[in-house]
Each structure stands twice: as structure tokens, then as C-alpha cells.
A.B. asks: 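If you scroll down you'll find the structure; I have some questions about it.
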Amino acid sequence: MLSSTVQASDLQQRQSDLKSLQSQISKQESALKDTNKQREQLVSLLKKDEQAIAAAARKVNDTKVALAETDKKLNKLKQRQDKLDVLKQTQQDTLSNQLASAYLAGNHDYSKMLLNQQSPATIERLLAYYQYLNNARMKSINELQDTMSELDEIQNKQVLEKNELNKLILNQQQHSKQLNLEQSQRQSTLTQLQRTVNSRGAKLEQLQIEEASLKRVVEQALLATNSSPSMEGLKSKKKLKWPTKGRIRSGFGSKRSGQVKWKGVTLAAPEGQQISAIAPGKVIYADWLRGFGMVLVVDHGKGYMSLYGHAQTLLKNAGDTVNKGETIALVGRSGGQTEAGLYFEVRHKGQAVDPARYCKR
């Protein structure tokens with residue numbers, strides 16, 4: 001009888017423990033769902049922040065290019081102005097000498113020559129000489145007037161270009177301020193996101209999601225290459241230049257986490273540094289991608305494509321053609337990176353290959 005009571009009590013205890021465990025599991029599942037939901041919301045917010053940074057950075061870069069172009073125009077105008085100043089002085093000296101010669105020859109006017117009954121041949125020769133001097137003076141006066149007009153035009157252009165330069169400088173300051181605000185907002189979002197990915201399992205899951213996202217982009221890119229014109233690919237006797245200067249932070253094939261390996265290389269480089277296309281091609285993808293940030297993919301033909309990730313901003317759009325060495329993006333930290341750098345891949349028929357096979361060491 002006592003044994004039966006003990007068994008019943010033990011059963012009740014186990015049932016109670018089971019309910020308690022199920023309750024804990026339910027709470028954990030609920031907490032996990034909340035965490036995943038929060039993580040997805042933060043990833044979405046990070047995307048918006050990094051796209052805003054890209055837009056601001058592109059404006060800053062466009063303004064830099066415009067500033068350089070305006071500065072070049074001003075330099076050319078200054079060079080032309082200096083040449084015209086020298087020409088003006090030469091023309092003034094020439095005209096001054098001509099006027100002095102005319103003054104010295106002024107005693108031999110037409111009426112005096114007739115009264116002095118000089119020979120017709122002498123008169124004709126002197127008249128031809130005076131006509132020559134007069135034509136030379138008129139030509140010099142016209143040339144000087146043209147020079148003065150061009151100088152005035154250049155001075156007006158300089159005023160306009162300097163006004164444009166001042167406007168561009170103000171725009172640059174505004175865009176830079178906006179860029180700093182967007183970067184501050186991104187840092188806040190990134191800090192919150194990192195809190196939700198604090199376990200090894202969560203990090204691995206995140207990497208697997210990112211890899212799947214990249215796989216989809218590569219598959220889309222492969223479909224896009226089928227409709228693109230034939231190009232030369234990457235086969236070349238000479239090795240190509242790396243897309244940006246920097247040391248290799250993570251090499252091709254090295255471990256990221258668990259069984260996940262790098263399918264490209266990460267080059268450590270300062271934020272804002274130029275990224276160049278390694279070969280001619282056509283841009284087939286230019287957008288934000290989870291884990292890789294602002295990504296640009298170039299089709300080089302013959303099944304070859306190159307991928308550039310973690311960019312601060314993209315300077316080309318899908319459908320654009322690019323030349324070898326042309327600037328296509330700027331180095332950044334997008335995709336949730338804490339350090340600036342470029343993620344760079346080379347693929348052939350969809351399969352990742354070591355970029356070092358094509359780029360110089």
C-alpha cells in the first residue's frame with residue numbers, strides 16, 4: 001500500500017516536472033521567435049541605414065568629381081587669361097610703335113605733296129605706304145579689341161565658375177554632414193543587431209542565410225549573362241590588377257564559421273577608397289544584399305563574373321557597361337561590417353574560384 005502511494009507521488013512529481021519543462025521550452029521557443037523577429041527587423045533597418053549612407057556617399061563623390069572639374073576649368077581659364085595678358089601687352093606695344101611712326105611721318109600730307117609738285121610716282125608710292133600703315137594700325141586695333149573682349153568674357157566665366165565652386169563646397173559640407181548622421185544611425189542599429197547574434201549557433205545560422213542570399217544573386221546573375229553580348233572573359237596572359245589596394249584580411253577558402261568557408265577574399269582598405277573593375281564588362285547586379293551590403297556584380301563574358309561587396313556606395317547601375325580600371329564603387333563597411341574593406345569574388349559558370357589566379361600578388 002505504501003509502495004503504491006510512493007509510486008503515485010513519484011508520478012505526480014514527474015508530471016509536474018514535465019509540465020514545468022514544457023513551459024520552459026514554450027517560453028524559450030517564444031523568446032527565440034521574438035529574437036528572430038527582432039533580428040529580421042534590425043536587418044531590415046540596417047539595410048535602410050546602409051542604403052541611406054550609400055546615397056549620401058554617392059552625392060559626396062559626385063560633388064568631389066564636380067569640384068575637380070570646376071577647378072580644372074578655372075585653371076584653364078587662368079592659363080588662357082595669362083596668355084591673353086601677354087598678347088594684350090604685345091599688341092599695345094605694336095600699336096604704340098605704329099602710332100609713333102605715323103606721327104613722325106605726319107609732315108608728308110597729301111595737300112603738301114601736291115603743292116610741292118612732287119612726281120606722281122612719288123605721290124603714289126607715299127600714298128601706298130600711308131595706306132599700308134593705316135591698314136596695319138586698323139588690324140592692330142581690331143586685334144587688341146578682340147583680345148580685350150575675350151579677356152572680359154574669361155573674367156565673366158571665372159566669376160560664374162567661382163560661384164559654382166562655392167555652391168559645390170556648400171553642397172559638399174551638407175552631404176558630408178548627412179553622411180555622418182546616417183553612419184551614426186547605422187552604428188546604433190548594428191550594435192542592437194550584434195546583441196541578437198551573440199551565440200555561435202545564431203552566427204552560423206546568420207552566415208548560412210547570407211550564403212543562401214548570395215547564391216540566389218549568383219543564379220540571377222547567371223541568367224542575366226545569357227542575354228548579354230559576348231565578351232572576352234578573364235583569360236589573359238598578363239595578370240589583372242586587384243580592384244583596390246589593401247592587404248588580404250581573409251583568404252579564399254579560409255573558414256568563416258563551422259563548415260562555412262570564404263568563397264572570395266576580403267581586402268582591408270580605407271573607407272571611401274576607389275574600387276575599380278578588374279576587366280571590361282556589364283553590370284548585372286547593383287543593390288544591397290544581406291551580409292554583403294552594397295554589392296555590384298560585373299559580367300565579363302565566357303561565364304566569368306566578378307563580385308564587389310561591403311561597398312560604401314555603388315557608382316554604377318545594373319545595365320551599365322564598364323571599362324577595365326574604371327571606378328565602379330567605393331570601399332565601405334556595409335553588410336554590418338565593423339571594419340572597412342572590400343569583399344571580392346571571381347566566379348566561372350557560377351563556381352567561386354580563387355581571385356589570386358587572375359589578379360597579381
Side-chain angles (χ1 to χ4, degrees), residues 43-44 46-55 57-58 61-62 206-234 240 242-244 252 256 262-267 269 273-337 341-355 358-359:
V43 167
S44 178
L46 182 69
K47 177 181 177 179
K48 288 179 182 177
D49 291 343
E50 292 186 341
Q51 285 176 329
I53 287 171
R58 187 162 184 170
N61 186 74
D62 289 346
Q206 189 77 358
L207 290 176
Q208 288 168 338
I209 292 170
E210 291 169 6
E211 190 170 26
S213 299
L214 183 59
K215 187 179 178 182
R216 282 196 299 274
V217 166
V218 170
E219 287 169 354
Q220 289 170 10
L222 279 171
L223 291 173
T225 60
N226 294 332
S227 60
S228 64
S230 177
M231 288 175 282
E232 294 302 312
L234 294 181
L240 306 167
W242 287 93
T244 198
F252 177 80
R256 288 186 72 183
W262 287 106
K263 289 183 168 58
V265 299
T266 303
L267 297 167
Q273 184 169 286
Q274 292 182 342
I275 299 168
S276 305
I278 59 168
K282 181 181 178 182
V283 179
I284 51 178
Y285 183 88
D287 206 344
W288 190 90
L289 182 65
R290 183 168 179 161
F292 297 92
M294 301 305 294
V295 171
L296 190 140
V297 181
V298 179
D299 171 29
H300 301 290
K302 310 291 185 186
Y304 288 95
M305 65 177 74
S306 56
L307 180 147
Y308 312 80
H310 300 324
Q312 183 187 55
T313 190
L314 307 176
L315 303 178
K316 297 293 178 181
N317 302 312
D320 289 347
T321 55
V322 295
N323 298 316
K324 181 181 178 180
E326 186 175 355
T327 303
I328 54 175
L330 302 179
V331 172
R333 293 177 289 148
S334 61
Q337 300 301 298
L342 167 68
Y343 177 68
F344 174 56
E345 279 190 12
V346 172
R347 290 188 179 241
H348 184 234
K349 296 181 179 178
Q351 296 300 311
V353 292
D354 188 353
Y358 302 94
C359 299

A.B. asks: Looking at every heavy atom in both Y343 and T266, which two are closest together, and how far apart are they?
C.D. replies: CD1-OG1, 3.7 Å
A.B. asks: What are the two closest heavy atoms between S306 and F344, and how far apart are they?
C.D. replies: CB-CE1, 4.0 Å
A.B. asks: CG of L289 to CG of L307: how many Å apart, nearest 0.5 Å?
C.D. replies: 8.0 Å
A.B. asks: Do you know the tightest heavy-atom contact between A352 and F252?
C.D. replies: O-CZ, 3.8 Å
A.B. asks: Side chains of Q273 and L342: does their closest heavy-atom pair fall under 4.5 Å?
C.D. replies: no
A.B. asks: If every non-hydrogen atom of L315 is compared with every non-hydrogen atom of T313, which pair is closest and at what distance?
C.D. replies: CD2-CG2, 4.0 Å
A.B. asks: Do the non-hydrogen side-chain atoms of V298 and Y308 ever get within less than 4.5 Å of each other?
C.D. replies: yes
A.B. asks: Please tabulate, for the side chains in residues 324-335, all donor-acceptor contacts under 3.5 angstrom to protein atoms that are two or more places apart in sequence or on a different chain.
C.D. replies:
| residue | atom | partner | partner atom | Å |
| --- | --- | --- | --- | --- |
| E326 | OE1 | N323 | N | 2.8 |
| E326 | OE2 | K316 | NZ | 2.6 |
| T327 | OG1 | Q274 | OE1 | 3.4 |
| R333 | NE | E271 | OE1 | 3.2 |
| S334 | OG | M294 | N | 2.9 |
| S334 | OG | A311 | N | 3.3 |
| S334 | OG | A311 | O | 2.7 |

A.B. asks: Hey, could you give me the CG/CZ distance between L234 and R347, rounded to the nearest 0.5 Å?
C.D. replies: 14.0 Å
A.B. asks: Within the side chain of E50, is there an N or O that forms a donor-acceptor pair under 3.5 Å with the backbone of H310?
C.D. replies: no
A.B. asks: How many angstroms lie between CE in M305 and NE2 in H348, if you round to the nearest 0.5 Å?
C.D. replies: 10.0 Å
A.B. asks: Can you sort out the partners of W288 under ring-ring contact (aromatic ring centres under 6.0 Å, His included), two or more places apart, ordered by chain and number?
C.D. replies: none
A.B. asks: Indicate the atoms forming the closest heavy-atom contact of I278 with C359, along with that distance.
C.D. replies: CG2-SG, 4.5 Å
A.B. asks: I need the minimum non-hydrogen distance between W242 and L267, along with the two atoms involved.
C.D. replies: CE3-CD1, 4.0 Å
A.B. asks: Taking side-chain contact (heavy atoms from CB on, under 4.5 Å) as the definition, give me every residue that meets it alongside D287, ordered by chain and number, with sequence neighbours left out.
C.D. replies: Q51, Y285
